[in-house]
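Working notes for the structure below.
Predicted model only: the values in this text are computed from it and were never measured.
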Amino acid sequence: MHGPACLVAALAAALAARAITVVSPTNTSIWESGTLSQTVEWEAVSTDPEYFTVQLVNQNGYLADSPVTLIANQSTGAADIANGATVTYTGGASWPTGTMFQINLVATDSANAAILAQSQYFNITYSASSASSSSSSTASSASSASSSSSSSTSTSATTTTAATTTSAAASTDTVATVTADSTSAIPNAVSTSGARALGANAALLVLAAGAAKLFF
C-alpha cells in the first residue's frame with residue numbers, strides 16, 4: 001500500500017529538483033557598479049509558473065531596502081533551455097557595492113509569494129559609470145585637439161619668426177653691400193700715387209728756385 005505513495009513522493013521530489021534554477025550570476029560572477037545593465041539567466045521546466053519577479057537581496061547589510069525588485073513580471077520563457085533578462089538598478093542608478101548579493105526569483109502570486117529559485121552569492125565592486133567614462137573620454141579628446149591646435153600655432157609662429165629674421169638678415173646684407181659698393185664708387189680726393197707726384201713736383205720747384213738765386 002505504501003508503494004504508490006512512495007512513487008508519487010519520488011516523482012514530486014524529482015520535479016522539485018528540476019524546478020527553475022538561476023544559471024547566472026554565480027559565485028564567480030562580479031558585477032561592477034558602473035555597468036548599469038546586468039544579465040540574469042535561468043532555466044525552467046514546464047511545471048514552473050508562467051511569470052515570476054526578479055529581486056536583488058543581500059544578507060550582509062549592503063542593501064538597506066532589501067529586497068529590491070528589478071523586474072516585477074518576468075516571463076519564464078521556454079522550458080529546458082537557458083533564458084535571460086537584462087536588469088538595471090532602481091531608477092537607473094549605479095549598483096550598490098558589497099559582498100554576498102543574491103538574485104531571487106519569486107512567484108508573482110500574491111497569495112503565495114514563494115521564492116522559486118536563488119542564485120549563488122556574488123559580489124558587486126565599484127567602477128565609474130559608463131556615462132562618466134564617456135564624458136572623460138570626450139574631455140580628453142577635446143584636450144588633445146586643443147594641444148594639437150596650440151602646437152600648430154606655435155610651429156606656425158616659429159616659422160614666421162624665422163622667415164622674418166632671415167628676411168631682415170638678407171636686407172641687412174643687401175644694405176651693407178650697397179654701402180660698400182657706393183663707398184668704393186666715390187673717387188678719392190687725392191690718391192696715394194697722386195700725393196707722391198705732387199710731392200716730387202714740389203721738390204723740383206724748390207731746387208729750381210734755388211738754382212735761379214745762384215745765377216742771379
Side-chain angles (χ1 to χ4, degrees), residues 1-140:
M1 295 178 59
H2 296 289
C6 291
L7 181 59
V8 170
L11 289 174
L15 288 174
R18 292 189 66 247
I20 188 170
T21 57
V22 179
V23 176
S24 179
T26 66
N27 57 5
T28 61
S29 300
I30 297 178
W31 287 9
E32 294 184 345
S33 62
T35 304
L36 303 184
S37 298
Q38 302 289 352
T39 301
V40 174
E41 296 181 338
W42 65 90
E43 287 186 3
V45 295
S46 58
T47 56
D48 285 317
E50 188 176 357
Y51 294 94
F52 57 82
T53 297
V54 180
Q55 294 181 339
L56 178 68
V57 298
N58 185 273
Q59 306 300 328
N60 270 6
Y62 292 106
L63 196 61
D65 50 353
S66 180
V68 173
T69 297
L70 304 178
I71 302 177
N73 199 30
Q74 173 63 47
S75 172
T76 302
D80 300 321
I81 64 171
N83 297 279
T86 299
V87 295
T88 57
Y89 195 64
T90 305
S94 296
W95 295 90
T97 58
T99 59
M100 297 188 70
F101 286 93
Q102 278 184 298
I103 292 294
N104 284 354
L105 306 185
V106 182
T108 56
D109 186 357
S110 58
N112 183 25
I115 296 176
L116 303 174
Q118 287 184 306
S119 73
Q120 297 176 345
Y121 291 111
F122 65 97
N123 300 334
I124 302 178
T125 60
Y126 172 79
S127 71
S129 67
S130 301
S132 298
S133 299
S134 176
S135 177
S136 298
S137 177
T138 301
S140 177

Of W31, Y62, F122, which meets ring pair (Phe, Tyr, Trp, His ring centres under 6.0 Å) against W95?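 That would be W31.
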
Among T125, N60, N123, side chain to side chain donor-acceptor pair (under 3.5 Å) partner for T99: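 That would be N60; it is the only one of T125, N60, N123 passing the side chain to side chain donor-acceptor pair (under 3.5 Å) with T99.
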
Please round to the nearest 0.5 Å and tell me the distance separating atom [atom1] of [X] and atom [atom2] of [Y].
X: Q38; Y: E32; atom1: CD; atom2: CD; result: 8.0 Å
X: N104; Y: L56; atom1: CG; atom2: CG; result: 8.5 Å
X: N73; Y: T53; atom1: CG; atom2: OG1; result: 6.5 Å

| request: Apply the test side chain to side chain contact (heavy atoms under 4.5 Å, CB included) to residues L63 and D65: give CA-CA distance (whole Å), side-chain angles for both, the deciding distance (0.1 Å), then the verdict. | output: CA-CA 6 Å; L63 196 61; D65 50 353; 4.1 Å; yes

Which atom names give the shortest non-hydrogen contact between [X] and [Y], and what distance separates them?
X: S37; Y: T86; value: CB-CG2, 3.7 Å
X: V22; Y: Q118; value: CG2-C, 3.9 Å
X: Q74; Y: A85; value: OE1-CB, 3.6 Å
X: S127; Y: G34; value: OG-N, 3.0 Å
X: S24; Y: S29; value: OG-OG, 4.4 Å

Testing the 3.5 Å rule here: is there a donor-acceptor pair between the side chains of S66 and N58?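 No - no donor-acceptor pair under 3.5 Å links their side chains.
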
Evaluate side chain to side chain contact (heavy atoms under 4.5 Å, CB included) for L116 paired with D48, printing each intermediate quantity in order. CA-CA 9 Å; L116 303 174; D48 285 317; 5.9 Å; no

Pairwise side-chain contact, [X] with [Y], heavy-atom cut-off 4.5 Å (strictly under):
X: V54; Y: L105; answer: yes
X: V87; Y: I103; answer: no
X: Y89; Y: S33; answer: no
X: V45; Y: D80; answer: yes

Query - ring-ring contact (aromatic ring centres under 6.0 Å, His included) between W42 and F52, intermediate numbers included - result: CA-CA 12 Å; W42 65 90; F52 57 82; 5.1 Å; yes

